[in-house]
Amino acid sequence: MVEKEFVKDIPSKSEDFSAWYTAVIRKAGLADYTSLKGCMVIKPYGFALWENVRNALDKRIKETGHQNAYFPLFIPESLLKKEAEHVEGFAPEVAWVTHGGKEELEERLAVRPTSEAIICSIYSKWVRSYRDLPILINQWANVVRWEKVTRLFLRTTEFLWQEGHTVHRTKEEAQEETLRMLNVYKDLLETELAIPVISGQKTEREKFAGALKTYSIEALMGDGKALQAGTSHNLGQHFAKVFDIKFLDEDQKEKYAWQTSWGVSTRLIGAIIMVHGDDYGLILPPKIAPIQSVIVPIFKKNTKEFVLSKAREIKDVLKGIRVELDDREEYTPGWKFNEWELKGVPLRIEIGPRDIEKGNVVLVRRDTRKKVVSPIAEVKNRVGELLDIIQNDLFLKARRFVEDNTHYVEDYGKFKKTIEEKKGFIIAPWCGSSECEEKIKEETKATIRNIPLAKVKEGRGKCIYCGKETDLYVYFARAY
RNA sequence: CGGGGCGUAGCGCAGUUUGGUUAGCGCACCUGCCUUGGGAGCAGGGGGUCGGAGGUUCGAGUCCUCUCGCCCCGACCA
């Protein structure tokens, strides 16, 4: 393994996952630190990746009938305080604005940690009749949460996200919306990001501050820890009651509205890195890769024009695919191979004099690093096919990883051993009590990720902690 | 916020224990030649005031105090 030496720049994924994660982000040019704690710069390559994720989701959000809008960054303290549970949940991490210029403000302003409060206060003005419903609005925004421990993409002080806020006439409609958006997230992750997820309901203890029910999609990272990748909340009438969002229904009775909110963030970038990456760096799913294919021409001085003109022809042929021609002369082909692998470009096209003579190019998959030869005449089809295959294989590989790292356990001793030694998801029976949940967390650091929507096991078992009979089988894991 | 580790050139590090003249090394960068099928080679060159502030001292990267930031492990969170 002489090649091993060439990737000495980044730590090994298996030996030091955290160091590997940070190194990949920085070396691949996704993000950088600033002098402000927890505030990162998303660099152009990283932002292009986010834009692709965002566009794929935005399309789905609109297809399900929502419109984008924008609400203010600042939330007056009095508004934030209206919903008691909500403010209690977020108070520890709210950043406050106390001055405007030199003047001290009469009322402090929260920099939004999430926008329920400000949006609900506006919605109360918009809703009068059942004919005003539903309100289906989404906003793309930044939010700020003063976290104590931060990590690039996974938990930053300021982060970018999308938050949907909807208002409905009935309880059923709100619940339907909550699950619809959870499904949209699942589809986004699985179809575009090639990340398999477990969708399910959060426990009381883990639900969103102020929600009636919270649902999540949970993904499994390469180190066996779970990541909450998206949440969808059925807010019930909690916010409607404190913000006075009510309407006159068809039956001429005044009723409080039913609401939902749902969001995913730039944390998804972290998930992409941790699910697919390897010791050579990033591996990006073709559908969201900023560059899907890179052409690396191989030439000597006397073959330069010959090779480059052919390479440009190929680039033209590949119109419709996000392709880049790396014609820099200051780097050798080998150097470029390594760099593009680090940056996770799904497919590399190598073309040199020897290939051209035979009428071929060499195609190299990033995920498997396997080379195949393709006739130049067929390159467009082959590249298209390969990108589809890579997309699909990445998902299958990730799904196999989840399967291999999901353990059924019915015994607490075994549970502790499994979480310690094998990591990953553990499916186990749980009685439904917060006490057992809390104890298990204290003793094992594992939390209930969610109660899966899809039944994972028939029949009844005994709660692994208290032994009480139950038919609830839930997902446990240590999480980010 | 508790425990631990660490901030010296863009990156990775040595030097700090035992203060001593112009602070080193590798990579990267610039110039030239030469090269280009898995991180090429040679020659020459530029760049740091040692995270920041204060202090001790004839003298501080090195000692003391405070502070900011990063990483890991916990408690908290998308």
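FYI, side chains are in, hydrogens and waters are out, and symmetry mates aren't considered; it's all heavy atoms of this structure. In this text the structure is predicted, and so the values were computed from the model without any measurement. Order of the sequence lines sets the chain letters (A, B, ...), proteins ahead of strands, with each chain counted from 1.
- Heavy atoms of Lys27(A) sit under 4.0 angstrom from primed sugar atoms or phosphate atoms, though from no base atom.
- At a threshold of 4.0 angstrom between heavy atoms, the contacts of Glu93(A) are confined to the sugar-phosphate backbone, with no base atom among them.
- Among the atoms of the strands shown, none is found under 4.0 Å from any heavy atom of Lys336(A).
- Heavy atoms of Val362(A) sit under 4.0 angstrom from at least one base atom.
- Note on Ser18(A): a side-chain N or O is less than 4.0 Å away from OP1 or OP2 of C72(B).
- Atom CD1 in Ile10(A) sits about 17 Å away from atom P in G39(B), given to the nearest Å.
- Nucleotide U22(B): unpaired (no Watson-Crick or G-U wobble partner with both distances less than 3.5 Å).
- When the options Lys315(A), Lys343(A), Lys336(A) are evaluated for a salt bridge (charged side-chain N to carboxylate O under 4.0 Å, His left out) with Asp326(A), the one that passes is Lys336(A).
- Of the inter-residue distances, the one linking Thr214(A) atom OG1 with Lys207(A) atom NZ reads 7.0 Å to the nearest 0.5 angstrom.
- Contact between the side-chain N/O atoms of Lys37(A) and the OP1/OP2 oxygens of G69(B) is not found at any separation under 4.0 Å.
- The separation between Arg328(A) atom CZ and G39(B) atom C1' is 12 Å, rounded to whole Å.
- Within the structure, every side-chain polar atom (N or O) of Thr332(A) is placed at least 4.0 Å from both OP1 and OP2 of G39(B).
- Considering only the side chain of Arg369(A), G38(B) comes nearest among G38(B), A78(B), U36(B).
- Heavy atoms of Leu227(A) sit nowhere under 4.0 angstrom from any nucleic acid atom.
- Across all strands shown, Glu206(A) has no heavy atoms under 4.0 Å from either base or sugar-phosphate atoms.
- Comparing Arg26(A) and Arg205(A) by the nucleotide of RNA chain B whose heavy atom lies nearest to each, the residue mapping closer to the 5' end is Arg26(A).
- Per the geometry, NZ belonging to Lys148(A) stands 16 Å off C1' belonging to C73(B), to the nearest Å.
- Between the OG1 atom in Thr178(A) and the NZ atom in Lys213(A) there is a gap of 8.5 Å [rounded to 0.5 Å].
- Here, C50(B) and G55(B) have their P atoms 15 Å apart, quoted to the whole Å.
- Each of A78(B), A75(B), G39(B) was ranked by its minimum atom distance to the side chain of Trp335(A); first place goes to G39(B).
- Atoms CZ (Arg155(A)) and P (C72(B)) sit 11 Å apart, rounded to a whole Å.
- The phosphate of C77(B) (OP1 or OP2) has no side-chain N or O of Arg151(A) nearer than 4.0 angstrom.
- With Phe159(A) as the aromatic partner, Arg145(A) does not meet the cation-pi criteria of under 6.0 angstrom to the ring centre and within 45 degrees of the ring axis.
- Rounding to whole angstrom units, NE2 of residue His86(A) and C1' of A78(B) are separated by 14 Å.
- Comparing U36(B), G37(B), G39(B) by their closest approach to the side chain of Asn338(A) singles out G39(B).
- One atom, CD of Glu330(A), and another, C1' of C27(B), lie 16 Å apart when rounded to the nearest Å.
- Side-chain atoms of Ser115(A) and Gln139(A) include a donor-acceptor pair closer than 3.5 Å.
- C77(B) atom C1' lies 13 Å from atom CD of Glu218(A), rounded to whole Å.
- The nearest pair of heavy atoms linking Ala95(A) to Val144(A) is CB-CG1, 3.9 Å.
- At least one side-chain nitrogen or oxygen of Lys441(A) sits closer than 4.0 Å to the OP1 or OP2 atom of C76(B).
- If you check every strand for non-hydrogen atoms under 4.0 Å, Val296(A) touches nothing.
- For the 3.5 Å distance criterion, the side chains of Gln201(A) and Asn450(A) fail to qualify, holding no donor opposite an acceptor.
- With G37(B), C77(B), G38(B) as the choices, the nucleotide that has an atom nearest any side-chain atom of Glu341(A) turns out to be G38(B).
- For the pair Arg348(A) and Phe337(A), the cation-pi criterion (under 6.0 Å, within 45° of the ring axis) is fulfilled.
- If you take atom C1' in C25(B) and the same atom in C72(B), they sit 28 Å apart, rounded to whole Å.
- Comparing the C1' positions of U65(B) and U18(B) gives a spacing of 22 Å, expressed to the nearest Å.
- In this entry the distance linking CD1 of Ile351(A) with C1' of G38(B) reads 18 Å, nearest Å.
- Of all heavy-atom pairs spanning Phe71(A) and Arg112(A), the tightest one is O-NH1, 3.0 Å.
- For Tyr33(A) and G10(B), the shortest distance from a side-chain N or O to OP1 or OP2 is not below 4.0 Å.
- Contact annotation for Thr303(A): no contact, since no heavy-atom pair falls under 4.0 Å across all strands.
- For the contact set between residues 266-276 of chain A and RNA chain B, defined by any heavy atom under 4.0 Å, the members are Arg267(A).
- Nearest-nucleotide assignment on RNA chain B puts the 5′-proximal partner with Pro297(A), out of Glu442(A) and Pro297(A).
- Between the side chains of Thr260(A) and Trp262(A), a donor-acceptor pair is found at a separation under 3.5 Å.
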